[in-house]
Structures are given as C-alpha cells and as structure tokens.
There are 2 protein chains.
Amino acid sequence: MIKPAPTKHIHCSDCPIRHRAVCSYADRDELDRLNAIKYYKTYPPGSEVVAAGEESTAIGSVVEGVVSLSKTMADGRRQMVGLMFPSDFIGRPNVPVAPFDALAVTEVTLCLFPRPRFERLMRDIPALERRLLEITLDELDAARDWMLLLGRKTAQEKIASFLTILARRAAAAGDSGGSLRIALPITREAIGDYLGLTIETVSRQMTALRKAGVIVLEDARNIHIPDFAALLEAAGEDSDGGLIA
Amino acid sequence: MIKPAPTKHIHCSDCPIRHRAVCSYADRDELDRLNAIKYYKTYPPGSEVVAAGEESTAIGSVVEGVVSLSKTMADGRRQMVGLMFPSDFIGRPNVPVAPFDALAVTEVTLCLFPRPRFERLMRDIPALERRLLEITLDELDAARDWMLLLGRKTAQEKIASFLTILARRAAAAGDSGGSLRIALPITREAIGDYLGLTIETVSRQMTALRKAGVIVLEDARNIHIPDFAALLEAAGEDSDGGLIA
DNA sequence: CAGCCGCATTGACCGAGGTCAACGTCGGGC
DNA sequence: GCCCGACGTTGACCTCGGTCAATGCGGCTG
C-alpha cells in the first residue's frame, strides 16, 4: 500500500494536460504506472461519448474540446446537467452505467483509464480518492448554483449568468490581460439546454443584452464584454464578486 | 494508520441512527474513538443551523427531523438545493464556510463532530473518505435529476415528481406494506422553494392532481396514493421505474 | 368563547417565455 | 456559381405560471 504524501501537482510526463484527479499526488512511481496504462481517444463533434443507461468501460479527463452531459425525457425535452472543459474529470467511479448522455460538443480528445484498473488504483492510493472527493464536492457546489439559476432566475439573468461563468473560466485559463472576450463553444440550442430555455428565448435575450449595452456581439459565437460589473448586475448576482472570485 | 477493511455497516453503540458516513467501516476501536468525540444538538423548527457565508464549526448527520439547504438572492427569491432527512450527512469537509443556508424545517437533532477532529480522522481512515465520496456522488446524481426537474418539467410534473421522491423515501424507510401514504414534512412554501414554484401554483397543482384522481388529500399534510404508476406517469418519468427503483 | 395568526385554497388578471412560422446568413458540395 | 442545410434572428400569438387579493380553516392565546 502506498503511503499518502502531501498533495502536490505534477504533470504526467507525456500528457498535454494536468489531470485534476489523477496527477495531483506526489508518488512518482505511481505516476509512471498510470502513464503506462492510459490511452487517448478522439470523438468528432456531435458524436456520443456514452449514452444514458449504457455501460461505460473507461474513466478519464478531457484533454481538448468540450463535452456536455445531458438528460432527456421520453418526449424529447432535454436538460444539460454538466459542461466539461479540458482538465475536467468524466465518469463515475464504482458505478459503470451512465445516468446521462455525454456528447462531444466540439471535437474532443479524452485521456482514459480502463475502469477496473482505475478503481483498483483508487483503492490503493488514498490521495487519488481524496482528490476525487474534492472534485466531486466542487461539482456539487456548482450544481447547486445551477439549481438556483434554473429554478428562480429570469431568462435574461440566466443568459447573463452563463456568460459570467464562461468569462470567469476564460479568465482563469489565462486569457486575461486584454479586454474581455468570450468564445462561445456551443450552439444556441445547447445554451438553451443548459439554461432551461428555448433557442428563440436565448436569441432574444442575447439581443436584449446587446441593446442594453451589456455585451457586444462580434459575431454569433464571439462576445465582447465592455463592463463585467454590468454583466454581473444583469445576472442578478451579488455585485461584490469580481471576475476571479 | 488504520488498515482499510471491507466496508460493512456497524451501529455506533450509543447512537440512535446509523451514520451513513461515519459508521460504515469496520474498525471497532476507531468507532469507539468517534463515539467519544461526537455530541448532539437540537434545533427548534424554523431555526437556522448555519447561515450562508457563516463559518460552520461542526460536521455530522441528521438524527431526527428535516433540514433544508437553500440559496437566497439579494431580492429574496429563494431556491432549495437540498433536503436532508435522518441519516443524511451535513457539512462540507475541508471548506469551513457554508455556501447556503441550512434551516431546521421540523424540530431537528444533529449528531455532530468538531470539524478539525473529523477532518483529521478522514485523513487517517481511508474507508471514511471512501464512504464520503460515495455519498457525495449520490448527492450529485440527485442534484442532476433535480436540474432536469427545475429546467424542463411543468408545474404539475414537478409536484408529481416531488411526491414520487417522498414516496420512494418512505418505502425505503420501511413504511411499506400497507397502502401508500405520504406525510409531507414541509409547508407549501418550502415545496415551492424546492420546485421553483410559488405557493399558489403548488396548491393549484395539488388540487389538479386530486381532481384527476392521482392523489387523495387526507388533509393538507397527508396524502394517499392509490396508484403509484399513475403518479409516475404524471411526473413524466419513464414508467419502468417501480416504487423501489 | 372570541379574536388572531399562520397556513392553505381559490379566483381574476397579466406578463414572461414558449410555439409556430418566416426570413437572414454562412459554409460546403456539386 | 448555385443550391442546400445548419444555425441564428425576428415577429405574431398564446399559454402556463406568477401576482394580487379575498376567503377558508384550524390551532393557540387571552
């Protein structure tokens, strides 16, 4: 059994991203073992990573692209329940059957570990399990914010909130420095599924925010934000939270 | 350091409930140590367990009563993001400041552990951490179902879904055997906060379900369900899921 | 017992957002 | 270049659920 060591980030030697779950512990030998058994897989945009109810044989993280997790009702109504960006972790340990669809929104590359192997490592390495708990708790927090958005915010507040999330993510990814620009990775339909709205309402509220001067639409997929505080205001959020908060 | 043992449920000797997180590992000595440092605290109905943004000094589980977790916007709009029943775990390890209000809905008794002590034990006992990961993953799944409900279901489907959740919980708690009766633990206002609706809409849709014969209102807080399949149908859920599913 | 307060129900009305349909725009293939 | 299909925008209309207000219904206290 591996002795737990103080958590510390280390890059997998041959991997383009730092896996949030897998690479944040300090045992070098284990890292090498992990590197040996992982593999990459690429999905074209729009393709299915796993379908709801299907058995998923691998667990891993997003290297490049965007993956949406969504639930669909019998009559076709759909709600997105997760939007995963590079370094996000996908797959539920110990439960092989997926409770939602995972779709490649853009072209996607995943870094995957065979499920049984990953689960055994998780059992052997407490630090890995600890990291996974952290990630899951973060996701639960995000899910709860999302519930407030879905249950109580107006269409315009939903759109503005969505944009603040993307803006913060872009800022955190190091795109800060220049003026604030957001590249929307997803279609209006996917935004609607994310926010519990129709495409028409998404479109109308984007126009409304543009006319109010809160956002500038360079084109349909690229947005400039002249005043982040105004966007926060429109999102109905406590104005004290800055761009990084 | 404690050797991880196969997960097995053991009752804390002097505790009326089986703590999902704390008591599901097999080391007897550790259990005794845990028992030694826990304490009980009771809250009157309507009182605050912790307020959003406040530091929470303890972590533990519900022994008796119901606790709601909810987020509030600046203008007073509120969305419930969790409803905790006996044996549910409350408090986020490693993050001392609560991101939501926790309110005692009924009279509530909690079984608590001082935060620093609990966190140290978590680090020492991998099985405890593993159990907590399981719990958090379950809550995340529930949160995602809840998102589908908030984002895409009609008012009537929301009410019916809420009743199926309570019915399943009641059945799982061993109330099965007789005919299906639900005792609503919360007010119409709290139901509205749970479902993203107003009290008036909650009331109207309850009436509508009653007139449709799906439910029978014994009084405002006690509901009889003559046909669970009909309720599932009204909830817009895949009919294949039975009462226990 | 009266009076009151908190909770629930019901009705009348209205508006935010869904629905249906037309149109614009862009990009890729023949 | 032309056509076609995917994506996005805009308009007209309607419906579901929110808002405001009145009423009912116990339970509790003076």
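Numbers restart at 1 for each chain; the letters A, B, ... are given by sequence-line order, proteins then strands.
Two residues are said to be in side-chain contact when any heavy atoms from C-beta on lie closer than 4.5 Å; L184(B) and N222(B) fail this criterion. No side-chain heavy atom of T136(A) sits less than 4.5 Å from a side-chain heavy atom of E139(B).
Using cut-offs of 30° and 60° on the angle between ring planes, the pair F113(A) and F118(A) is tilted.
Contact annotation: R221(A) side-chain N/O to dG8(D) OP1/OP2 distance is under 4.0 Å.
Following rounding to the nearest Å, I159(B) (CD1) and dA8(C) (P) show an atom-to-atom distance of 12 Å. Rounded to an integer number of Å, the gap from CD of Q156(B) to P of dT15(D) is 17 Å. Between I223(A) atom CD1 and dG8(D) atom P there is a gap of 11 Å when expressed in whole angstrom units. Between the NZ atom of K153(A) and the P atom of dG17(D) there is a distance of 22 Å, given to the nearest Å. K158(B) places its NZ atom 14 Å from the P atom of dC16(D), with the value rounded to the nearest Å. If you take CG of L184(A) and P of dC7(D), they are 15 Å apart, rounded to a whole angstrom. Between the CG atom of L217(B) and the C1' atom of dA8(C) there is a distance of 11 Å, given to the nearest Å. The CG-C1' distance, from D219(B) to dC25(D), rounds to 12 Å in whole Å.
Contacts between residues 188-207 of chain B and DNA chain D, counted as heavy-atom distances below 4.0 Å, involve G196(B), L197(B), T198(B), E200(B), T201(B), R204(B).
Both I186(A) and A155(B) sit near DNA chain D, but only I186(A) has its closest nucleotide nearer the 5' end.
Checking R115(B) against S56(B) by side-chain atom types alone, a donor-acceptor pair falls below 3.5 Å. Side-chain contact check for S161(B) and K153(B): at least one donor-acceptor pair (N or O, by modelled atom type) lies under 3.5 Å.
Under the rule for a side chain to side chain contact (heavy atoms under 4.5 Å, CB included), the partners of P45(B) that lie at least two apart in sequence or sit in another chain are E107(B).
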